[in-house]
Each structure stands twice: as structure tokens, then as C-alpha cells.
Amino acid sequence: MTDYLARLNPEQREAVETVDGPLLVLAGAGTGKTRVLTTRFAHILLTGRAYPSQVLAVTFTNKAAREMRERVATLLGAPADGLWLGTFHALGARMLRRHAGLVGLTSGFTILDADDQLRLLKQVMEAERIDTKRWPPPLVMGVIQRWKDRGLPPARVTAAEDTDIADGRARALYAAYQARLLALNTADFGDLLLHTVELLRTDAAVLADYHRRFRYILVDEYQDTNLVQYYWLRLLAQAHRNICCVGDDDQSIYSWRGAELENILRFEKDFTGARIVRLERNYRSTTPILGAAAGLIAHNQGRLGKTLRSGRDDASGEKVEVVGLWDSEEEARMVGGRIEALRADGHALAEIAVLMRAGFQTRAFEERMIALGLPYRVIGGLRFYERQEIRDAIAYARLLVQPADDLAFERIVNLPRRGVGEGALRTIRDHARSAGMPLFAATAALLAAGTLRGRVRESLAALLGGFARWRAQLDQEGHVVTLATMLDECGYTEMWRQDRSPEAPGRLENLRELVRALGDFETLAGFLDHVALVMENDEGAQGDRVQLMTLHAAKGLEFDTVFLPGWEDGLFPSQRSMEEQGARGEEEERRLAYVGLTRARRRAIVSHAANRRIFGSWQVNMPSRFLAELPPEHVNEPGSAALERDRRAGLPPAFPFFARRPREIEPWETPSRAARATTIAVGARVFHKKFGYGTVTGAAEDRLDITFDKAGTKRVLDRFVDPA
DNA sequence: AGGTTAGTAATTTTT
DNA sequence: TTACTAACCT
């Protein structure tokens with residue numbers, strides 16, 4: 001009956017069964033941390049210590065939350081409903097909605113996304129006459145967010161914190177920005193926690209309510225928590241002290257977002273008598289991979305100290321390969337060639353990942369994948385809800401739900417074009433300000449007063465009339481039909497239908513997908529919350545594709561084969577990180593490298609290029625300092641055995657660093673697939689998913705030369721285009 | 001109003 | 001290299 005406990009090793013079992021009192025679980029990479037958390041959750045419920053609604057379980061990402069929910073449900077043998085399980089932000093939002101009135105919001109407040117935050121801050125800065133050229137809003141936003149990460153509302157920020165940023169008026173801007181947020185009945189991401197913590201700090205009744213409610217608290221990825229999150233946890237846990245935090249100091253990679261590694265170190269101080277359990281048995285990776293990762297991370301000071309041991313018995317695993325190449329293009333070819341070889345050997349593409357330091361690096365690999373015809377997926381690019389057309393449609397939806405949403409109004413008032421230009425908009429803004437009303441209401445007033453004339457008057461009257469109609473329809477026919485009708489009647493879908501650009505069909509498809517997704521929610525407001533909090537990109541999760549992503553995005557994932565390109569000083573470790581954070585920055589970069597290596601189950605291929613194309617010009621790079629920190633006994637460098645093995649396996653040779661750039665085409669560039677004649681004729685109009693519409697100007701075997709309308713001339717495989 | 005062009009700036013990671 | 005903005009032209 002307690003067979004779920006029997007499946008754990010002794011340390012894991014201790015972490016699960018130490019239910020009462022504070023507990024810190026230091027869980028190395030691949031040591032079964034998620035299993036411990038979910039089993040512990042189930043254990044608390046199954047032993048009758050608490051009802052599902054009395055456990056608070058916090059994760060860092062939506063994906064982790066979903067996974068935990070599913071696994072708890074499996075352990076319980078029943079759907080896990082009514083749980084307080086989610087990300088810090090989602091749970092914060094849920095709490096804030098219950099007490100919105102206490103912080104000056106109504107429970108229907110909307111959550112601003114990053115884009116809206118910046119636009120709003122920019123408006124505030126312009127109103128305060130701060131030069132937004134000299135002080136870019138993103139920079140100022142960063143300062144404000146760091147304050148929020150530390151749990152500081154404007155009133156708690158001391159004068160000493162005002163640096164030269166924004167002419168020394170960052171604090172004033174912060175206060176003005178917060179005032180605007182309240183006026184618009186909105187909260188930004190940081191507010192979801194900041195407001196909640198202020199509430200718990202100042203309102204004893206609210207705090208007592210949550211103390212009664214939550215008897216057990218579980219926290220995932222504790223090393224990534226920032227100060228507000230820490231205060232939030234401490235306030236909620238201080239009554240019963242049944243808090244269990246799981247984390248790994250070696251995987252702390254979010255300090256730039258305010259994460260405080262200190263939180264782990266102070267855990268014992270704040271929760272006296274806390275037990276600490278270390279999970280060190282790794283069940284994921286081979287011995288060489290673990291050895292390389294351990295050797296690397298040992299170069300960091302100030303660790304809590306864990307030694308990963310292999311939980312499996314396979315000392316015979318492949319060594320970590322280190323490959324030096326002439327330039328970044330050759331690096332992409334090497335990775336592409338190796339992936340082709342792996343596929344030929346029967347490896348699943350979905351078990352291969354290319355993990356890089358920065359997002360812009362994906363492009364080179366993407367192009368290589370396209371050229372080779374390898375299916376791939378980029379994780380964490382532009383997310384669905386960040387796309388222009390989706391944000392436009394959502395702005396319409398927001399305005400429908402909340403007519404006072406000025407940000408949404410400004411976004412769509414002239415979209416599609418309605419002849420509302422800067423002049424008309426200024427008239428509306430002026431009236432709104434002087435009358436103290438939202439832009440939407442101000443427009444209605446100006447129309448009634450006859451101030452607006454001509455085409456502007458007509459189109460705005462039509463737009464406002466439309467909103468009146470759609471609001472009525474919302475009650476009668478529901479949100480799904482209404483959104484679809486609204487997007488059609490306002491001319492938005494028509495706008496994209498008229499658009500001849502290559503992205504237009506995809507955008508229309510996305511809009512259809514949006515309407516479909518809306519059907520999963522009972523109310524429009526619920527959907528908008530989801531949009532703000534769960535910005536994810538789930539499309540195409542299925543299918544056997546190579547995974548391309550950043551190292552940050554890879555945390556928590558694992559793959560049989562991991563490629564780690566771009567290990568060059570300046571890129572990785574990143575120049576910027578080291579300039580801004582010094583030794584601390586370098587240590588965080590090293591942790592990132594550690595995270596990357598430990599994603600690999602069976603093989604890891606690290607590479608570096610001597611020359612890298614970066615923003616159009618070539619940059620000469622030195623190999624990453626991290627390479628020298630990998631213990632030689634776990635590493636294979638090209639030159640001897642590696643070359644010989646590659647040759648026998650028919651793999652592309654790994655070029656010695658600084659080798660002469662070869663003049664001829666590499667052997668692995670010759671397509672191995674059987675050439676066949678294309679069926680597409682020269683002169684045909686075609687459509688390509690990435691490059692858009694174009695005209696075929698030449699054909700050889702299955703390759704086409706196409707002059708694209710927007711993307712220039714390219715040579716692509718015929719299977720990637722469709723007749724236009 | 002709206003489209004076009006030229007100039008400039010920025011390039012890390014994300015709930 | 002691209003993306004964004006500001007100024008300029010229709």
C-alpha cells in the first residue's frame with residue numbers, strides 16, 4: 001500500500017517522510033527531485049495530514065506546475081482538483097484577486113505583459129520629461145523590476161537607491177508608474193507578488209486566513225527565488241513551519257532576474273532546526289558526463305557542496321567531446337552533419353538538443369537544419385501570445401472586457417487603419433485627461449459633442465458602435481463566437497487577408513487557433529488571465545524533431561544527445577555577464593555550463609569556433625575558459641583517437657582549433673540522400689514556410705533556386721515549398 | 001494620414 | 001545583420 005515509498009532510495013525517502021517542520025532538500029541534477037516533490041505531496045494527502053486544498057505547492061514555471069499536477073494525480077489515482085499548485089505568479093494573482101480591494105484594484109484587474117509595461121513606462125517617462133533616448137525605458141524598467149523583486153514598493157525605496165539613472169528620478173518614475181497601473185486597474189508581473197506580500201505584511205487578518213488555509217508548503221527550484229518570493233514564503237510558513245524547499249545551488253541561473261542564492265543559505269537561519277537532505281545519486285547521465293560536469297562546477301566558490309555520484313553502473317559511457325572549428329558556419333555544419341549521422345544510426349531526433357547561450361545563436365543552426373531537411377523545433381522563440389496578431393486580438397478582447405483599458409485602446413484604435421492619426425488621437429487624449437476619463441469614454445464624448453469630423457468621426461462611430469454590439473453579443477452568445485465576430489467585423493481579419501506578405505497566412509492561422517483556444521475557457525476574463533500568466537508555446541510538441549533552445553530554457557529537461565556550441569570567451573561565459581557581475585557573473589555562467597552538460601544522458605558534444613559572424617561582422621574568439629576546467633580524463637579532444645573514430649563511423653572530422661579553413665566543400669556536405677528530379681517547374685510561384693512567396697528561377701535535382709518576394713534569392717529543397 | 005526612406009542602435013537569459 | 005525610429009515625401 002505504500003509502494004510509492006518503496007520506489008525511492010533512502011535519501012529520497014527521508015525527504016518524503018520528513019513531513020513536519022522545515023526541510024531543505026539539496027537535489028543535484030538528475031537526482032529525482034521532481035519525484036521527491038510529487039511523492040511528498042501525495043504522501044501528505046494519503047496519510048491524511050491535509051486536504052488537497054491545504055497544501056500550497058509552488059513552482060517556477062508553468063511546465064513544472066503542470067507536470068507536478070499530473071504526477072500527483074497519478075499517485076493519487078484521481079484528478080488533482082482544488083489544489084493551490086502553480087507558479088509564484090499564478091498563485092500570487094489568485095490571492096490578489098481575492099483581496100484586490102485592499103491594494104486599490106478591483107478583482108477584475110488585468111495583468112500587463114512585458115510589452116505593455118514598457119509602453120506604459122515610456123508614457124510615464126515622457127510625461128515626466130525624461131529623455132527616453134538617453135534613458136531607454138527597458139533600462140529604467142529593469143531598475144523598477146529589481147525593486148519589485150526585493151519587495152520594495154515606491155514608498156519603501158530609500159533616496160540612497162536613486163542613482164544617476166533617469167536623471168536621478170527613477171524613484172519618482174516608479175511611483176508615477178505604479179499610480180498609472182492602479183488608475184488603469186492593472187498589475188504588472190512583479191505586482192502580483194509585491195502587492196500580495198504587502199498585503200500579508202500589513203493585514204493580520206488576511207495573513208491569519210492563509211495560515212489557517214495552508215498547512216503544508218512545497219517549493220520547487222528554490223535557488224531561483226528572489227526576495228519577494230522569499231518574503232512571501234516566509235510569511236505564509238511562519239505559523240506552522242511545515243515548509244519544504246527543493247533546490248540546487250549549482251543550478252542557480254537567474255540572478256539577473258533578482259534570484260538570491262542567499263535564500264538557500266539563510267534557510268537554516270530563518271527556520272531554526274531545519275533538516276537538510278542531500279540527493280546526490282544521479283540516475284540520468286553517464287559517468288564521463290557527470291565527471292566533466294562535477295569537475296567544472298568544482299571551480300565555483302561558495303557552494304553548499306554536493307558530489308554527484310552515478311546511480312547507474314555504466315562507467316563505459318562516451319567521453320564528452322570537445323570540437324574546435326574554424327568558424328561559426330562550420331560549427332553549424334558540424335552539428336548538422338553529426339545529427340544526420342545519429343539519425344542514420346537510428347537515434348530519435350527528439351532526443352537530440354542543441355543548447356546555446358543566447359537566442360540569436362539559434363538562427364545559424366536553424367538554417368542548417370532547413371538546408372539538410374532535418375525537422376527541428378525552436379523552444380522559447382516568440383511565444384504564441386507574444387505574436388503581433390495575437391496581441392492585437394487580445395487588445396480587442398481586453399477592451400471588450402474593460403473599456404477603461406487605455407493601453408488596449410491605443411493599440412487598436414487605428415488597427416486596421418481607420419484614418420485615426422496623431423492629430424485625432426491627441427484630441428482624444430487631451431479630452432480624456434482634462435475630463436479624467438478613459439480614452440474610450442472620451443472618444444464617445446467627443447463624438448456626441450461633434451468635435452470629431454469627417455472620416456475620423458465615421459470610423460470611430462462605427463468602432464464604438466461595434467463595441468456596443470459585441471458587448472451585447474457577449475452576454476447572449478458567449479465569448480468564443482463574440483471574439484470571432486468582433487475580429488471579422490472590425491476588419492482585423494480582413495486586414496491580414498489583404499496582406500500579401502509571407503507571414504499573413506500564418507497569422508490568420510494563429511488567429512483561428514486563438515479562437516479555438518478560447519473555447520477551453522469558461523469566461524473571457526479567465527482566458528485573459530491565462531494569456532498573461534501562461535505564455536507558452538506548445539505547438540508542435542509532438543513529432544520527432546531536433547530541439548533548439550537556450551541553456552536557460554533547457555533547465556529541467558534531458559536528452560540522450562546534447563550539443564553545446566559556442567563555448568568561447570565573451571560569448572560563453574558572456575562578456576556582459578562578467579562585466580556587470582564580475583566573479584559572481586562568471587560563476588553563474590559556469591553554473592549555466594553545468595546545467596547544459598547535465599542535460600545529457602549519453603553524449604555531450606561541446607564546440608567552439610575561432611571566428612564568429614556576429615551582427616554582420618566577423619569576430620575572433622578564444623576558446624572558453626570553461627573548456628580547460630573539464631577534467632581531461634572525461635574529455636575527448638580531436639586530433640587522435642577522436643578523428644580515427646569519426647572516420648570509421650563516417651562522421652565529419654572535427655577540425656582542430658585554428659586549423660586552416662578548408663577550401664573545398666566538406667565531405668559531409670555532399671547530400672547523401674538519393675537525388676530525384678523536382679516536379680516544380682521553373683517560373684512557378686511557390687510558398688515557403690520561412691521565406692514566403694517567391695518565383696522559381698532554377699531547378700537542379702530536388703533543389704530549387706527561388707527569388708522570394710521578401711527574402712531574396714535562396715536555394716531550397718523542393719519539399720519545403722508548396723505551389724502558391 | 002500614411003507610406004517610404006535613411007539613419008541609428010543594439011544584440012542574454014524570462015515568470 | 002536586422003529592427004526600429006524619425007524625418008520626409010505623396
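The sequence lines fix the lettering, A, B, ..., with proteins before strands; numbering per chain opens at 1. Everything numeric in this text was worked out from a predicted model, so none of it was measured.
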Interatomic distance where CG belongs to A:Leu118 and P belongs to C:dT5 [whole Å]: 11 Å
Rounded distance in Å - CE (A:Met141) to C1' (B:dT14): 14 Å
Sugar-phosphate only, base, or nothing, as touched by A:Arg591 at under 4.0 Å among non-hydrogen atoms: nothing
Tabulate below the donor-acceptor pairs under 3.5 Å that side-chain atoms of residues 188-199 of chain A make, not counting sequence neighbours, or state none.
{"from": "A:Asp188", "atom 1": "OD1", "to": "A:Lys148", "atom 2": "NZ", "distance (Å)": "3.0"}
{"from": "A:Asp188", "atom 1": "OD1", "to": "A:Gly190", "atom 2": "N", "distance (Å)": "3.1"}
{"from": "A:Asp188", "atom 1": "OD1", "to": "A:Asp191", "atom 2": "N", "distance (Å)": "2.9"}
{"from": "A:Asp188", "atom 1": "OD2", "to": "A:Lys148", "atom 2": "NZ", "distance (Å)": "2.7"}
{"from": "A:Asp188", "atom 1": "OD2", "to": "A:Tyr177", "atom 2": "OH", "distance (Å)": "2.9"}
{"from": "A:Asp191", "atom 1": "OD1", "to": "A:Lys148", "atom 2": "NZ", "distance (Å)": "2.7"}
{"from": "A:Asp191", "atom 1": "OD1", "to": "A:Gln178", "atom 2": "NE2", "distance (Å)": "3.1"}
{"from": "A:Asp191", "atom 1": "OD2", "to": "A:Asp188", "atom 2": "N", "distance (Å)": "3.2"}
{"from": "A:Thr196", "atom 1": "OG1", "to": "A:Leu192", "atom 2": "O", "distance (Å)": "2.4"}
{"from": "A:Glu198", "atom 1": "OE2", "to": "A:Arg156", "atom 2": "NE", "distance (Å)": "3.2"}
{"from": "A:Glu198", "atom 1": "OE2", "to": "A:Arg156", "atom 2": "NH2", "distance (Å)": "3.2"}
{"from": "A:Glu198", "atom 1": "OE2", "to": "A:Arg201", "atom 2": "NH1", "distance (Å)": "2.8"}

Nearest heavy-atom neighbours spanning A:Ala64 and A:Asp220: CB-OD2, 4.0 Å
Of the listed nucleotides C:dT2, B:dT15, B:dT14, the one nearest the side chain of A:Tyr254: B:dT14
Pairs where residues 354-365 of chain A contributes a residue and the test side chain to side chain donor-acceptor pair (under 3.5 Å) is met, not counting sequence neighbours: A:Arg357-A:Glu589
Plane angle bin for A:Phe60 and A:Tyr254 - parallel if under 30°, tilted between 30 and 60°, otherwise perpendicular: tilted
Rounded interatomic separation in angstrom, taking CZ from A:Phe360 and P from C:dT1: 15 Å
5' priority, DNA chain B, between A:Gln229 and A:Ser574 [closest heavy atom]: A:Ser574
Salt bridge (Lys or Arg N to Asp or Glu O under 4.0 Å) involving A:Arg497 - partner list, sequence neighbours excluded: A:Glu494
Phosphate contact (B:dT15 OP1 or OP2) by A:Thr59 side-chain N/O below 4.0 Å: no
Heavy-atom donor-acceptor pair, A:Arg418 side chain to A:Val413 backbone, under 3.5 Å: yes
Nearest-angstrom distance, P atom, B:dT13 to C:dC4: 15 Å
Length of the line joining A:Leu533:CG and B:dT14:C1', which is rounded to integer Å: 14 Å
Spacing of A:Arg119 atom CZ relative to C:dC4 atom P, expressed in whole Å: 13 Å
Whole angstrom value for the distance that separates C1' of B:dT15 from CZ of A:Arg66: 14 Å
Which nucleotide in B:dT14, B:dT15, C:dT2 has an atom nearest any side-chain atom of A:Thr550: B:dT14
5′-ward residue of the pair A:His89/A:Ala358 relative to DNA chain B: A:Ala358
Residue pair A:Tyr594 / A:Gln251, side-chain donor-acceptor N/O under 3.5 Å: no
Parallel, tilted or perpendicular: ring planes of A:Trp256 versus A:His552, cut at 30 and 60 degrees: perpendicular
With sequence neighbours excluded, residues passing side-chain contact (heavy atoms from CB on, under 4.5 Å) with A:Glu67: A:Thr34, A:Arg71
Protein-nucleotide distance (A:Lys63, atom NZ; B:dT14, atom C1'), rounded to Å: 13 Å
Check the interface with nucleotides 7-10 of chain C: list each N/O to N/O pair with the protein under 3.5 Å, or write none.
none

Nearest to side-chain heavy atoms of A:Arg613, which nucleotide of C:dT1, B:dT13, B:dT15: C:dT1
Whole-Å distance separating the CZ atom of A:Arg146 from the P atom of B:dT14: 14 Å
Base versus backbone protein contacts along nucleotides 1-7 of chain B [heavy-atom cut-off under 4.0 Å; B, S, -]: SSS----
A:Arg368 bridged to A:Glu331 by N-O distance under 4.0 Å: no
